[in-house]
Amino acid sequence: MAKKEKEAPVQNMATVYIMGKQHDVPAEATIMGAIEYAGYQIVRGAGCREGYCGACGTVYRMPDDHKIYTGLACTTLVKPGMWLSQMPSIPSRKAIYDLDDLTPNTNVFLELYPEVFGCVACNTCTKACVQGLEVMDYIQAAKRGDIAAVMDLSFDCVYCGLCGIRCPAEITQMNVGLLAKLLYGKYLAKESKELTRRLEEVRSHEFDKEYTLLMGMSRQELSDRYYAREIE
Amino acid sequence: MYPEYMNDSLNKVKETRNKRFELAMTGEHVYPPMSADERQDVLNSSHPDFKSDSRRPVTIGPNKDEILTTEVAEMLETHSRIDPSKFDLSNPDYETDLLIIGAGGAGCGAAIEAMGKGVKSIISSKLRMGDANSMMSQGGMQAAVSPTDTPPTHYLDAIGGGHFDNKPELVRALTEDGPEVVKWLEELGVIWDKVEDGSLRVRHGGGTSRKRMLSSRDYTGAIIMRALMDKVRNHADMINVLEFMPTVELIMDDKGQCAGGILYNLETKEYFTVKAKATIIATGGFGRLHIRKYDTSNHYGATGDGLAIAYRAGAKLMFMDSVQYHPTGAVFPEQIAGFLITEAIRGAGGQPLNKDGELFVWPREPRDIESSAIIRECLENGGGIKTPNGRVGVWLDSPLIEMIQGEGYVKKEFPAMYRQYINYNIDIAKLPMLIYPTLHYQNGGVEIDADCKTNVPGLFVAGEVSGGVHGRNRLMGNSVLDYNVFGRRAGRSTAEYVQTAKLGKLTLDHVNKHEQELKDAGIKTDQISPVILPSYTPESVAKRQLTAHLEGTMR
């Protein structure tokens, strides 16, 4: 499918306020699409454009509504009347550590992110989460030292950081979740004995002979072998 | 939700599902895999690379007169951003052992490995660290870890998928390092999906003869990239990351060695010179060049910058006549057109179906074959479904996965996919997705050897920007493995190289030569490269951007 031409006629338009300035944009555009339609060349505020990298965290308000809303510009649709600003960068303190020296328990959070213990359980972080994660629940789990629960609940975090700037206890939740995931992967996940065996085989050059055979084959020999191979 | 007019077709998908489920459970192939001849036929008839205007000879540089992808040839035949005479290279702004260009998976992996050998580095990053295709990989990473598999079996799959064009030493490096990479990443904190006894959970991908796809739910790339970034951030004394500072030219010395780069601060518009004993290009791919006007699954900065700067410095390109279109990009809703639908969906039992709810291709052909079959079904066989915006696609039956793997599987194993669609009121556990191939991967690139060396001394290349590993078609899960294997190899070989490297007098003469070549070839253009960022400014805005001279305080 050819890329859609930008100039295709657009029927439905919506008025939005990009950093307070009024623009008419296609009513079904994403926030990112709307910003670009309005003529901005984004430098900060776009990364993967598919909801994985967290570069495009955006805050907005709606007319006659006091609430602050959040979304990723790449995956959130515009709404008529919305007033939006992208967050070009979010200041956050990441603890500096060597993962090899850490022990996976409650103390690790106490030492590296003591502010976690100042959580007032207001749930504002959860409300701010663009991924719909139970952020407050994983912060509570961190207080209990339940690393597996922090890992699981924070798994889909895209590190936009919007929870952290809404938090009255000034926690950087995303960094707490990351630490838990790294600890889980390194220390708590069960060891794979199959992998250990395979590593021994590779390190003792058990496959050298077969590699030499395959690498010495003509194109035709390789092709014959490939199409005749058994598929699991 | 899908528009009403699609209901007939959706009902047909539902009607055929039980029959397809029963067939899938027999363990037999649900559709006959193609023979070598059938593969060639479908490529010739339907793959975008085989259209008459999709390739043309490049008229300048190390690959002069070789046939390349048209958009790549056009990009290489453009001006430099800089005027070499304005740069004083005798007093560089930074001096370092190692300059790494690109802060995705390969770049960060290289920095970490070089650090392990005591070598400091500077990373030049166009956007933020990790804003890269590496972050976006959903489905997984191939590595031969299961008892029924071996690294040489992986080798045969990879080289067959690449139509036997791949450089053998690179395929061996890729597949033989696989198990080590799995272990290395786990030590860095990556969470692999595992089964009860701790064994790694493996799935099929297109073109795999064994279940070899390892994953971290469908955030595999993100989990890996975050672990690499965290390691980098913990060692700011050894790795200096310069964000929003892409490298726009390499610097050479009078002995023909690569000696660093010119960095451009995207915000202050300043240029900086970096002198380095060794340089690694790890800038990723070119999806944002929108080859043949295709939508792309790639990140914002994937504009092929590394190709442009390496080419001017004399580096040879390999397989730059070949583009990967991923079989399953979204075509509906319009807002997510081009977004990637992970191949793991098919690995778990999902099936591509035409408007009548029937299979027309084996779901696990290599990517170029699967894509071509989907394009043929839509454009030649009339089996596609049209979207309200004039696109066309076929169904990807995800509800079938729930029948095969058990209820709840889709939401648990594919949370990113589920979230992407539920935003638009489409529950992919209950309804299929509408898909069409999307521009996904740069199969070729700068030719390297197994130590990531190029034909230019001091210049190393790793990851998607390199060429040779995948031949003319990469298999699923081999790019995540690629950026890890060759990122690490580049870090290790440069760490060794810098111990004895001696630089001469720095120069930008190669840029002058490039401009002269353009002139001699009679090329008249106002385009420059690296492209840095794509423009999505609509025509209605562009026609008012009338500044006569792009100098001064405001453009």
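A quick note: this is a predicted structure, and the numbers were derived from the prediction, not measured. A, B, ... follow the sequence lines: proteins, then strands. Residue 1 opens every chain.
The pair B/Glu196-A/Lys190 does not meet the salt-bridge criterion, since no charged nitrogen lies less than 4.0 angstrom from a carboxylate oxygen. Using a cutoff of 4.0 Å between basic side-chain nitrogens and carboxylate oxygens, B/Glu186 and A/Lys186 are not scored as salt-bridged.
Counting heavy atoms of neighbouring residues, nucleotides and ligands inside a 6.0 Å radius, atom CD of B/Glu169 exceeds 12 of them. In the displayed structure, B/Lys211 atom NZ is contacted under 6.0 Å by at most 12 heavy atoms of other residues, nucleotides or ligands. More than 12 heavy atoms of other residues, nucleotides or ligands lie within 6.0 Å of CD in B/Gln545, so this atom counts as buried by the packing criterion.
When atom types are taken as modelled, the side chain of A/Arg198 and the backbone of B/Pro179 share no donor-acceptor pair closer than 3.5 angstrom. Panel note: side chain B/Arg226, backbone A/Val158; a donor-acceptor pair is recorded below 3.5 Å.
Interface summary for chain B: among A/Arg225, A/Lys193, A/Arg44, the most heavy-atom pairs under 4.5 angstrom belong to A/Arg44. Taking chain B as the reference chain and counting heavy-atom pairs below 4.5 Å, the highest number among A/Leu77, A/Val202, A/Leu183 is found for A/Leu77. Counting heavy-atom pairs under 4.5 Å between each of B/Arg217, B/Met135, B/Gln138 and chain A puts B/Arg217 at the top. Counting heavy-atom pairs closer than 4.5 Å to chain A, the top residue among B/Tyr424, B/Phe244, B/Trp192 is B/Phe244. For the options A/Cys53, A/Ala95, A/Gly54, heavy-atom pairs under 4.5 Å to chain B are most numerous at A/Cys53. Listed options B/His163, B/Gln420, B/Lys194 were ranked by heavy-atom pairs under 4.5 angstrom with chain A; first place goes to B/Lys194. Note on B/Asp218, B/Ile336, B/Asp230: by heavy-atom pairs under 4.5 Å with chain A, the leading option is B/Asp230. Each of A/Glu230, A/Glu206, A/Arg197, A/Met151 has some count of heavy-atom pairs under 4.5 Å with chain B, and the biggest count is that of A/Glu230. Taking chain B as the reference chain and counting heavy-atom pairs below 4.5 Å, the highest number among A/Phe207, A/Tyr97, A/Tyr40 is found for A/Tyr97. Per-residue counts of heavy-atom pairs under 4.5 Å with chain A were compared for B/Leu156, B/Val145, B/Asn423, B/Thr153; the largest is that of B/Leu156. Ranked by heavy-atom pairs shorter than 4.5 Å toward chain A, the options B/Gly221, B/Ala222, B/Pro147, B/Ala143 are led by B/Pro147.
There is no contact between B/Leu379 and chain A, counting heavy-atom distances below 4.5 Å. Contact of B/Met229 with chain A is not made at all, since no heavy-atom distance falls under 4.5 Å. Heavy atoms of A/Lys181 lying under 4.5 Å from chain B belong to its backbone as well as its side chain. Using a 4.5 Å cut-off between heavy atoms, A/Arg203 touches chain B through its side chain atoms alone. Within the 4.5 angstrom heavy-atom criterion, only backbone atoms of B/Pro534 (N, CA, C, O) approach chain A. If you measure heavy-atom distances from B/Arg288 to chain A, the contacts under 4.5 Å come from the side chain alone. When heavy atoms are compared at a cutoff of 4.5 Å, B/Ser35 approaches chain A solely by way of its backbone atoms N, CA, C and O. Heavy-atom distances place both the backbone and the side chain of B/Ala144 under 4.5 Å from chain A. Using a 4.5 Å cut-off between heavy atoms, A/Leu99 touches chain B through its side chain atoms alone. For B/Arg212, no part sits under 4.5 Å from any heavy atom of chain A, backbone or side chain. Proximity to chain B (any heavy atom under 4.5 Å) is restricted, for A/Leu178, to the side chain, taken from C-beta onward. Of the two parts of B/Asp177, neither the backbone nor the side chain holds a non-hydrogen atom closer than 4.5 Å to a non-hydrogen atom of chain A. A/Met32 does not touch chain B: none of its heavy atoms, backbone or side chain, sits under 4.5 Å away. Heavy atoms closer than 4.5 Å to chain A are found in the side chain of B/Arg419, but not in its backbone. If you measure heavy-atom distances from A/Tyr227 to chain B, the contacts under 4.5 Å come from the side chain alone. For a residue to count as touching a neighbouring chain, one of its non-hydrogen atoms must lie under 4.5 Å from one of that chain's; by this rule A/Asp208 touches chain B with backbone and side chain alike. In this structure, chain A has heavy atoms under 4.5 Å from both the backbone and the side chain of B/Arg233. Residue A/Gln131 touches chain B through both its backbone and its side chain, counting heavy-atom pairs closer than 4.5 Å.
Of the inter-residue distances, the one linking B/Asn133 atom CG with A/Cys48 atom SG reads 9.5 Å to the nearest 0.5 angstrom. One finds the SG atom of A/Cys157 at 9.5 Å from the OH atom of B/Tyr219 (value rounded to the nearest 0.5 Å).
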If you apply the rule side chain to side chain contact (heavy atoms under 4.5 Å, CB included), what do you find for B/Leu188 with A/Leu182, and how did you get there? CA-CA 7 Å; B/Leu188 288 172; A/Leu182 298 173; over 6 Å; no
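A/Ile42 has its side chain out of reach of B/Tyr536: every pair of non-hydrogen atoms, C-beta onward, lies at least 4.5 Å apart. The closest side-chain heavy-atom distance from B/Ser535 to A/Gln41 is below 4.5 Å. With contacts defined as side-chain heavy-atom distances shorter than 4.5 Å, the pair A/Tyr37/B/Thr537 does not qualify. Taking 4.5 Å as the limit, some side-chain heavy atom of A/Met215 sits within range of a side-chain heavy atom of B/Arg172. Residues A/Leu195 and B/Leu200 meet the side-chain proximity criterion, which asks for heavy atoms closer than 4.5 Å. Side-chain contact between A/Arg219 and B/Asp165 is present, with at least one heavy-atom pair separated by less than 4.5 Å. Taking the side chain as every heavy atom from C-beta outward, B/Asn234 and A/Asp98 never approach each other to under 4.5 Å.
What you find for B/Trp362 and A/Ile231 is that their closest heavy atoms are CH2-CD1, 4.1 Å. Smallest separation of non-hydrogen atoms from A/Arg49 and B/Phe339: O-CZ, 3.1 Å. Across every non-hydrogen atom of B/Leu340 and A/Glu50, the tightest pair is N-OE1, 3.3 Å. In terms of heavy atoms, A/Leu214 sits closest to B/Pro152 at CD1-O, 3.6 Å. Nearest heavy-atom pair, A/Glu194 versus B/Ser199, reported as atom, atom and distance to 0.1 Å: OE2-OG, 3.3 Å. Between B/Thr208 and A/Arg229 the shortest heavy-atom distance is C-NH2, 4.4 Å.
Between B/Asp131 and A/Tyr52, the side chains place no donor N or O within less than 3.5 Å of an acceptor N or O (distance only, hydrogens not considered). Judged purely by distance below 3.5 Å, without hydrogens or angles, the side chains of A/Thr30 and B/Gln335 never pair a donor atom with an acceptor atom. Side-chain polar atoms of B/Thr175 and A/Tyr211 form a donor-acceptor pair below 3.5 angstrom. At a cut-off of 3.5 Å, with distance as the only test, a side-chain donor of A/Glu232 or B/Thr148 sits close to an acceptor on the other residue.
For B/Phe164 and A/Tyr226, the ring centers are positioned less than 6.0 Å apart.
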